Amino acid sequence: MLHTEMVIGVVLEEAALTVDELAHACAVEPDWVLQRVQAGILGAAAAPSWRFSSADLARARRLRDIERVFDANEDLAALVVDLTEEVRRLRARLQAAGLD
């Protein structure tokens, strides 16, 4: 059963989401989360009782959005998210160096 309600909120870095909580926050099934963790696309701390940070939540939501909007498979979505994150890091470094 696909969750249709997405939870909006702020996750503090000290807090950690379980697989079920992350799935609920992203409006996906827990199996969706587990598949991406096992594929190395989504990080998790301390298997088997995996915990996810706010950065993991943001990445999971970006993955989900790319998969849904562009009908992309999980590998393509991960590549797009990785490249987007790298562009953000590079822009931040340029800005910090005053070169933006």
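All values derive from a computational prediction rather than experimental measurement. Hydrogens, waters and symmetry mates play no part in the numbers below; they use all other heavy atoms, side chains included. Residue indices begin at 1 and follow the sequence shown.
Side-chain contact between L76 and F70: absent, with no pair of heavy atoms (C-beta onward) separated by less than 4.5 Å. For the pair L22/W50, no side-chain contact is recorded, criterion being any heavy-atom separation below 4.5 Å from C-beta on. The shortest distance between side-chain heavy atoms of D20 and V33 does not fall below 4.5 Å.
Applying the side-chain contact (heavy atoms from CB on, under 4.5 Å) criterion to Q35, with sequence neighbours excluded, gives D31, E74.
Atom CZ of residue R59 and atom CD1 of residue I41 lie 8.0 Å apart, to the nearest 0.5 angstrom. For the atom pair CD (E21) and CG (L57), the distance works out to 11.0 Å, reported to the nearest 0.5 Å. In this structure, the separation between CG on L94 and CZ on R89 is 13.5 Å, given to the nearest 0.5 Å.
A salt bridge is absent between R88 and E85; no separation between the charged side-chain nitrogens and carboxylate oxygens falls under 4.0 Å.
Pairing each heavy atom of A77 with each of E67, the nearest pair is CB-CG, 3.6 Å. The two atoms that bring R51 and D56 nearest to each other are O-OD2, 4.3 Å, heavy atoms only. Counting all heavy atoms, side chain and backbone alike, C26 lies closest to A60 at SG-CB, 3.7 Å.
When hydrophobic clusters are built by joining Ile, Leu, Val, Met, Phe, Trp and Tyr residues whose side-chain heavy atoms come closer than 4.5 Å, directly or via intermediates, V69 is grouped together with I66.
The main-chain N or O of W32 is found under 3.5 Å from a side-chain atom of R36 such that the two form a donor-acceptor pair. In this structure a side-chain-to-backbone donor-acceptor pair under 3.5 Å is missing from D65 to R62.
When the shell of 6.0 Å around CD of Q95 is examined, it contains 12 or fewer heavy atoms from other residues, nucleotides or ligands.
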Derivation and outcome, side chain to side chain contact (heavy atoms under 4.5 Å, CB included), residues R68 and V28: CA-CA 11 Å; R68 287 183 181 170; V28 297; 3.6 Å; yes
